[in-house]
Amino acid sequence: IALNAAGTLPSDSVYVKGIISKIDKIDTSFGNATYYISDDGTTTNQLEIYRGNNISNAKFTSEDQLLPKWTVTVKGVLTVYSNTLEMGQGNYITSIVKPSVNVPTITGTTAFLDNTTVTITADEGCFIKYTKDGSDPVSSTTATTSDKNTVTFDLKATTTVKAVALDANAEMSSAVEQTFTKLDESNAISVADALTTADGTTVLVKGIVTRTDAYNSKYTNLNYYLADAAADNELEVYRGMGLKGADITSADDIARGDEVYVYGTLKTYNSTKELDASSIILKQTKGEEKTSITAAGWATYVTARSVDFSKTSDVKAYTVAYSATDDAITLTPVTAVPGNTAVVLKGNQGDYTFTTTTDKAAVSKNDLKFYTKATSVAKAKTVYILANNNGTVGFCPATVGSTVPAYKGYLSISGGTSAKNFFALDGTATGINSIAADKANSRDVRFNLAGQRVDKNYKGVVIVNGKKQLVK
């Protein structure tokens, strides 16, 4: 700068050593960078290095190959452009010395609806200097200095945070920055709109969780599916994270019936539209565990989360096991069961809301199953649905070709062509340890070939205790 003031700039290449004070642009397309250096790393008396190459005259291939506060020696020709001294294009770096202090880390949910918590962490023995207005934490008058190596604060508006770490000798790291963006619920798009939005678009999607894949504790994410309503087309959320980016640690973290706002990037994989891995839930309203029991006094129910049925008066829950040897079913009472468990309920007519729990017991033997999508019955006497036959409630076979709705509990009987047409539920079920239905206590119960219960005066072929008889 002094030589320039004296009008005696050298015409040959020179070596200039300085600390990077500012990076204007690292252009990986052309492989060069425009940045500034000064003697003290501040923007005072800085020299522009215009479109220079990396060390040993190599091209720049990524933006992290050069950072503020690094000390560099640059070889090039000095020139004056628009009354400003600079090192002209064609220069290159001959040496780089990186700061001995590591850069701090800035963590937090980078997109949020209401607020987000930001944490800045430096190495032990260091302290942090940071700004929340996007200004340089080294020179800004708005910078805040913490005497600890960790600082945490909340943000409620879109903010760019910048920070440096300093050690006990005032050695300074390079600056690091992160922008946190506040979104608005009104900007969320529907699942239907997401399904027609171009791949690569980052979106906020509002939807209802229609189903989830099985939770695996080896992973911290979960595949689940969204729709605008239960019967609508689905959008897959691939390896999604939990609320505000938290790890998935339980099958109950995300469940069927939840209303969620999910932030992520759209892609198409194998012709399926999805939100790509690492999308996060910004808002979650958990669905209620509720159902209705008709005047018949029985109903099937499939839990979404873990449920404790003992907390709801006037309702008892049972699992159902089928014995091919006896061609009979046994009902076993249960209280707390995991999510995605099918049970049969006995209770008074009415609407019921159940209490979720973290204290659930595994269900060992249960032949009540369900489909996650509406499914057509393919084989006779393998899918038995709950029905009321002339005042007697029990399980009867669904017709081949009929459709079983998603998450409707049914009795599954493998290879059930020899199974009977109807398994009645004992009306004295409540309060006993187990119920053996359609065994000795129901020897007099008769059904016609249509599965309808008939009395002793019925003439023709009847089924008694699983066997056909001709009554004349």
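Note that these values count all heavy atoms, side chains included, but never hydrogens, waters or copies made by symmetry. Everything numeric here is computed off the predicted structure, so don't read it as measured data.
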Q.
Testing Val151, Asp167, Thr145 one by one against Phe127 for a side chain to side chain contact (heavy atoms under 4.5 Å, CB included), which residue passes?
A. Thr145

(Q) If you count every heavy atom of other residues, nucleotides or ligands that lies below 6.0 Å from Lys69 atom NZ, does the total exceed 12? (A) yes

Q) Are the side chain of Ser56 and the backbone of Ala58 linked by a donor-acceptor contact shorter than 3.5 Å? A) no

**Q.** Any donor-acceptor pair under 3.5 Å from Thr116 side chain to Thr109 backbone
**A.** yes

Q. Does Arg256 make a cation-pi contact with Tyr407, if we ask for NZ or CZ under 6.0 Å from the ring centre and within 45° of the axis?
A. yes

Q.
Distance alone, cut at 3.5 Å: any donor-acceptor contact between the side chains of Thr179 and Thr160?
A. yes

Q | Minimal non-hydrogen separation, Lys129 against Leu166, with atom names | A | CB-CD1, 3.9 Å

Q.
Do Asn102 and Asp123 pair up side chain to side chain, a donor and an acceptor below 3.5 Å, judged on atom types alone?
A. yes

**Q.** Check: Thr44 and Ser38 side chains under 4.5 Å, non-hydrogen atoms
**A.** no

**Q.** Any donor-acceptor pair under 3.5 Å from Gln284 side chain to Asp253 backbone
**A.** yes

Q: Work out which heavy atom in Asp64 is nearest to a heavy atom in Leu67; give both atom names and the distance.
A: O-CG, 4.3 Å

Q. Going by atom types only, do Thr210 and Glu234 share a side-chain donor-acceptor pair under 3.5 Å?
A. yes

Q: Rounded to the nearest 0.5 Å, what's the gap from CD1 on Ile248 to CG on Leu243? Could you check?
A: 9.0 Å

Q. Quick one: are the ring centres of Phe423 and Tyr322 less than 6.0 Å apart?
A. yes

Q) Are a donor atom and an acceptor atom from the side chains of Ser135 and Asp133 found within less than 3.5 Å of each other? A) yes

Q: Answer yes or no: is there a side-chain heavy-atom contact under 4.5 Å between Thr355 and Thr357?
A: no

Q: Report yes if some heavy atom in the side chain of Leu113 is under 4.5 Å from a heavy atom in the side chain of Leu204; otherwise report no.
A: yes

Q: Using modelled atom types only, decide if a donor and an acceptor are shared between the side chain of Thr131 and the backbone of Ala143 within a distance under 3.5 Å.
A: no

Q) Could you give the distance from CG (Asp228) to NZ (Lys206), rounded to the nearest 0.5 Å? A) 9.5 Å

(Q) Let me confirm one number: the NZ-CZ distance from Lys311 to Phe354, rounded to the nearest 0.5 Å. (A) 14.5 Å

(Q) Please determine whether side-chain contact (heavy atoms from CB on, under 4.5 Å) holds for the pair Thr105 and Val176, giving the CA-CA distance in whole Å, both sets of side-chain angles, and the decisive distance to 0.1 Å. (A) CA-CA 8 Å; Thr105 59; Val176 64; over 6 Å; no

Q: Look at atom CZ of Arg239 and say whether more than 12 heavy atoms of other residues, nucleotides or ligands are closer to it than 6.0 Å.
A: no

Q) Going by atom types alone, do Asp276 and Thr265 pair a side-chain donor with an acceptor below 3.5 Å? A) no

Q: Considering non-hydrogen atoms only, spot the tightest contact between Pro104 and Ala165 and give its length.
A: CD-N, 3.8 Å

Q. Can you tell me if Lys290 uses its side chain to pair, donor with acceptor, with the backbone of Gly287 under 3.5 Å?
A. no

Q: Kindly say whether Val138 contributes a backbone atom to a donor-acceptor pair with the side chain of Asp136 at under 3.5 angstrom?
A: yes

Q | Side-chain (Thr152) to main-chain (Thr117) donor-acceptor, under 3.5 angstrom | A | no

(Q) I'd like to know if the side chain of Lys98 and the backbone of Trp70 have a donor-acceptor N/O pair within less than 3.5 Å. (A) no

Q | Check: Leu425 and Val320 side chains under 4.5 Å, non-hydrogen atoms | A | no

Q) Looking at side-chain heavy atoms only, is the closest gap between Tyr263 and Thr110 below 4.5 Å? A) no

Q | Heavy-atom closest contact (Tyr36 atom, Gln46 atom, distance) | A | CB-OE1, 3.5 Å

**Q.** Ile96 side, atom CD1; Ile20 side, atom CD1 - distance, nearest 0.5 Å
**A.** 7.0 Å

Q) Under 3.5 Å, side chain of Asp199 to main-chain N/O of Thr268, donor-acceptor pair present? A) yes

Q.
Between Asn270 and Thr272, is the side-chain hydrogen bond (donor to acceptor under 3.5 Å, both in side chains) condition met? List the steps.
A. CA-CA 5 Å; Asn270 286 343; Thr272 299; over 6 Å; no

Q.
Please find the pair of heavy atoms, one from Thr375 and one from Tyr371, that lie closest to each other, and give the distance.
A. OG1-CG, 3.4 Å

(Q) What I want to find out is whether Arg305 reaches Asp258 closely enough, with some N-O distance under 4.0 Å, to be called a salt bridge. (A) yes

Q) Mind checking whether Tyr130 and Phe153 have parallel, tilted or perpendicular rings, split at 30° and 60°? A) parallel

Q.
With side-chain hydrogen bond (donor to acceptor under 3.5 Å, both in side chains) as the criterion, how do Lys25 and Asn32 come out once you've worked through the C-alpha distance, each side chain's angles and the decisive distance to 0.1 Å?
A. CA-CA 8 Å; Lys25 183 179 183 181; Asn32 57 48; over 6 Å; no

Q. Does the pair Asp184/Lys182 count as a salt bridge with the N-to-O cut at 4.0 Å?
A. no

Q. Are the side chains of Thr107 and Val118 in touch, meaning some heavy atoms are under 4.5 Å apart?
A. no

Q: Evaluate the ring planes of Trp298 and Tyr318, with Trp represented by its six-membered ring, and classify them as parallel (under 30°), tilted (30 to 60°) or perpendicular (over 60°).
A: tilted

Q. Side chains of Thr84 and Ser82: donor-acceptor distance under 3.5 Å anywhere?
A. no

(Q) For a 4.5 angstrom cut-off between non-hydrogen side-chain atoms, does Met241 reach Ile281? (A) no

Q: For side-chain contact (heavy atoms from CB on, under 4.5 Å), just list the numbers for Ser21 and Thr42, CA-CA rounded to whole Å, side-chain angles, deciding distance to a tenth of an Å, and then say yes or no.
A: CA-CA 5 Å; Ser21 56; Thr42 69; 5.8 Å; no

Q) Is the side chain of Lys273 donor-acceptor paired with the backbone N or O of Leu195 at a distance under 3.5 Å, no angle test? A) no

Q: For residues Lys365 and Ala321, report the shortest heavy-atom separation together with the two atoms involved.
A: CG-CB, 3.6 Å

Q. Measuring from Phe422:CZ to Phe395:CZ, what's the distance to the nearest 0.5 Å?
A. 9.5 Å

Q: Apply ring pair (Phe, Tyr, Trp, His ring centres under 6.0 Å) to the pair Tyr301 and Tyr352, showing each step before the final yes or no.
A: CA-CA 11 Å; Tyr301 182 67; Tyr352 294 90; over 10 Å; no

Q: Take Ile413 and Asp367 through the side-chain contact (heavy atoms from CB on, under 4.5 Å) test and state the conclusion after the steps.
A: CA-CA 8 Å; Ile413 298 180; Asp367 290 317; over 6 Å; no

Q.
Using the rule given for side-chain contact (heavy atoms from CB on, under 4.5 Å), can you reason through Thr319 versus Leu368, listing the C-alpha separation, both sets of side-chain angles and the distance that settles it, and then say yes or no?
A. CA-CA 7 Å; Thr319 56; Leu368 288 179; 5.7 Å; no

Q) In this structure, are over 12 heavy atoms from other groups packed under 6.0 Å from Tyr261 atom OH? A) yes

Q. Between CG of Asn340 and OG1 of Thr372, what distance do you get to the nearest 0.5 Å?
A. 9.0 Å

**Q.** Pairwise side-chain contact, Asp213 with Tyr225, heavy-atom cut-off 4.5 Å (strictly under)
**A.** yes

